[in-house]
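Right, one structure below, let's go through it.
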Amino acid sequence: MKIRAPRGTNDLLPQDTAKWQYLEDKMREVFTCYNYQEIRTPIFEVTDLFRRGIGEATDIVEKEMYTFSDKGDRSITLRPEGTASVMRSFLENKTYGQAQPTKYFYAGPMFRYERPQAGRYRQFHQIGVEALGADNPAIDAEIIALGIQFLTELELEELEVHLNSVGCPECRKNYREKLRDYFKQYLGELCSDCQDRYERNPLRILDCKADRRQEFMEDAPKIYEELCTECDQHFNQVQQYLDLLEIDYMLDARLVRGLDYYTKTAFEVIYKGLGAQDTIFGGGRYDGLAQEIDGRDIPGIGFAMGVERILLTLKEQGIELPIDQSMDLFITTIGEEAEQAAFKYLYSLRQAGLKVEMDYLGRSVKGQMKCADRNNANYSIILGGDELNKGVATIRNMKSGEQVEIKLDNLVQEMKKRIE
RNA sequence: GUGGGUGUAGCUCAGUUGGUUAGAGCGCAGGAUUGUGGCUCCUGAGGUCGUGGGUUCAAAUCCCAUCAUCCACCCCA
């Protein structure tokens, strides 16, 4: 087999898709309660959207985008995340003209050119929500609550909510200076990456894994202690709302979001058992994004959740999703005449809404019964010459082993009665 | 992009200091039971040993390259 799925991509086979469908059903159920509605945006966009929205200097834009020219010589990029597209759609469709806020959710594939690793793929899937047009801190808390409720309904445990505020461009500028002042004296002790970061983006020094253990990290100025009055107030109110909902969280001054558009609230929900990539969902407020795209001043907040990471966490915690893979009925036949008759009943039963299967490989009766068992059939029908002559079918309850004959004329009705 | 581990049957893995027809368990197919699944027993099918090159009388085994995969860094979902 020479042709394989491209690196970092995965086939989802039926045993997987059943789980994915369960997650998506649960997503719709929970998010709808919070009055979020589904939006579907294109999987590719004009490259400029991401350059401007996510930020020219970010890793995503610098080295992780799947970008190509289409036949019309337009630069196109497979979306590396969902927020920029949702904001683009919001602006393009002038949705701000409707009653606000606008609350959306979405689910779908994202693409980033990275080396695959546990919990990281080149095509991965996110479930995301975005609330646009409201800067009320209650929305920030609502978004976190929604994510936590979703994961809790999947029975996930030991989730940590990390909370920070990255302030507005004003407080960030001041803070950046404070950080530089602080790290100046330790510059020689920082790793080489961080020496670069010192100039380019000192905030990133805070979550460097190499330098994490250094003692002076403890005493580095915390951004949430350096916020301007407005940002500080917002941050406090988010916490109050979370307290009100009794959602546990920990302040984490090291939580720095990589994308340019983030302002104020930043959060991450992590599960420590996942390995290096332990964030299940992360997000925050992006009051500056709309301006980057369209010059309009529209606040927004959202998060993105990694579907593969949810699945990993479920596996790690030994949680089996309640998925029913059984089928109602398996038809076993003996002889060609019976096979033809069965094919017709198969159709009728399926039209009646039953999940029914028969053998197509000419297996022995024993083989067919085995097949019925493998398919988790609740009942099997045995249809042979004897039955056809008498105008009946033998119905076997696969759990109890009990068998009865019923008239073929009543087959569909009788089966429906049993299945209900 | 950088570093390390691993590639043998559909799956999980054995395979001695290089030595002749490459094994096991599970799964799959058939039979024991002339028309009845799960348990048991028997039988069978299935492998260019990731790929290419090299060393050697001889390579799954040693060397080189390459690809894939896993893990970690960077960064993020």
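By convention in this document, chain letters (A, B, ...) are assigned in the order of the sequence lines, proteins followed by strands, and residues within each chain are numbered from 1.
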Separation of [X] atom [atom1] from [N] atom [atom2], in whole Å?
{"X": "E405(A)", "N": "G35(B)", "atom1": "CD", "atom2": "C1'", "answer": "13 Å"}
{"X": "D278(A)", "N": "A77(B)", "atom1": "CG", "atom2": "P", "answer": "13 Å"}
{"X": "D373(A)", "N": "G27(B)", "atom1": "CG", "atom2": "P", "answer": "12 Å"}
{"X": "R112(A)", "N": "C74(B)", "atom1": "CZ", "atom2": "C1'", "answer": "14 Å"}
{"X": "E402(A)", "N": "G37(B)", "atom1": "CD", "atom2": "P", "answer": "17 Å"}
{"X": "Q403(A)", "N": "G37(B)", "atom1": "CD", "atom2": "P", "answer": "10 Å"}

Query raised in the report: side-chain contact (heavy atoms from CB on, under 4.5 Å) with I331(A): which of D359(A), V356(A), L411(A)?
Result: V356(A)
Which base sits across from [N] as a Watson-Crick or G-U pair, both distances under 3.5 Å?
{"N": "A9(B)", "result": "none"}
{"N": "U51(B)", "result": "A65(B)"}
{"N": "U36(B)", "result": "none"}
{"N": "C57(B)", "result": "G19(B)"}
{"N": "A72(B)", "result": "U2(B)"}
{"N": "U43(B)", "result": "A29(B)"}

Base, sugar-phosphate, or nothing: which does [X] touch, judged by heavy atoms less than 4.0 Å apart?
{"X": "E308(A)", "result": "nothing"}
{"X": "G335(A)", "result": "nothing"}
{"X": "E81(A)", "result": "nothing"}
{"X": "I60(A)", "result": "nothing"}
{"X": "Q123(A)", "result": "nothing"}
{"X": "G119(A)", "result": "base"}
{"X": "G8(A)", "result": "sugar-phosphate"}

Can you tell me, in whole Å, how much space there is between the [atom1] of [N] and that of [M]?
{"N": "C67(B)", "M": "U20(B)", "atom1": "P", "answer": "33 Å"}
{"N": "A59(B)", "M": "U43(B)", "atom1": "C1'", "answer": "34 Å"}
{"N": "A45(B)", "M": "C57(B)", "atom1": "C1'", "answer": "35 Å"}
{"N": "U56(B)", "M": "C11(B)", "atom1": "C1'", "answer": "35 Å"}

Requested in this report: Just say parallel, tilted or perpendicular for the rings of F31(A) and F303(A), cut-offs at 30° and 60°.
Outcome: perpendicular
Query - S364(A) side chain to G367(A) backbone, donor-acceptor under 3.5 Å - result: yes
Counting side-chain heavy atoms from CB outward, which of [options] is closest to [X]?
{"X": "A118(A)", "options": "C74(B), C71(B), G35(B)", "value": "C71(B)"}
{"X": "R115(A)", "options": "G37(B), A72(B), G35(B)", "value": "A72(B)"}
{"X": "I382(A)", "options": "U36(B), A77(B), G38(B)", "value": "U36(B)"}
{"X": "R396(A)", "options": "A72(B), C76(B), G38(B)", "value": "G38(B)"}
{"X": "A304(A)", "options": "G35(B), G37(B), A77(B)", "value": "A77(B)"}

Are any of the side-chain nitrogens in [X] or [Y] under 4.0 Å away from the carboxylate oxygens of its partner?
{"X": "D287(A)", "Y": "R285(A)", "result": "yes"}
{"X": "R52(A)", "Y": "E292(A)", "result": "no"}
{"X": "E308(A)", "Y": "R120(A)", "result": "no"}
{"X": "R115(A)", "Y": "E64(A)", "result": "no"}
{"X": "K63(A)", "Y": "E114(A)", "result": "no"}

Requested in this report: For A77(B), take OP1 and OP2 only and decide whether either is under 4.0 Å from a side-chain N or O of R79(A).
Outcome: no
Requested in this report: Report yes if a side-chain nitrogen or oxygen of Q117(A) is closer than 4.0 Å to either non-bridging phosphate oxygen (OP1 or OP2) of C73(B); otherwise report no.
Outcome: yes
Query raised in the report: If you pin N397(A) and Y121(A) to their nearest nucleotides in RNA chain B, which one's is more 5'?
Result: N397(A)
Report summary line: Comparing nearest nucleotides in RNA chain B, the 5'-proximal residue of the pair R7(A), A276(A) is R7(A)
Query raised in the report: Is the base of C75(B) touched by the side chain of Q277(A) through a donor-acceptor pair closer than 3.5 angstrom?
Result: yes
Query raised in the report: Do we get R112(A) above F124(A)'s six-membered ring, with its NZ or CZ under 6.0 Å from the centre and within 45° of the axis?
Result: no
Requested in this report: Verify the stacking flag for F124(A) against A77(B): centroid separation must be under 5.5 angstrom and the ring planes must differ by under 30 degrees.
Outcome: yes
Report summary line: Whether each nucleotide of nucleotides 28-34 of chain B has a protein heavy atom under 4.0 Å at its base (B), only at its sugar-phosphate (S) or at neither (-) is summarised, 5' to 3', as SSSSB--
Requested in this report: Search all heavy atoms of E155(A) against all heavy atoms of I319(A) and return the closest pair with its distance.
Outcome: O-CD1, 3.2 Å
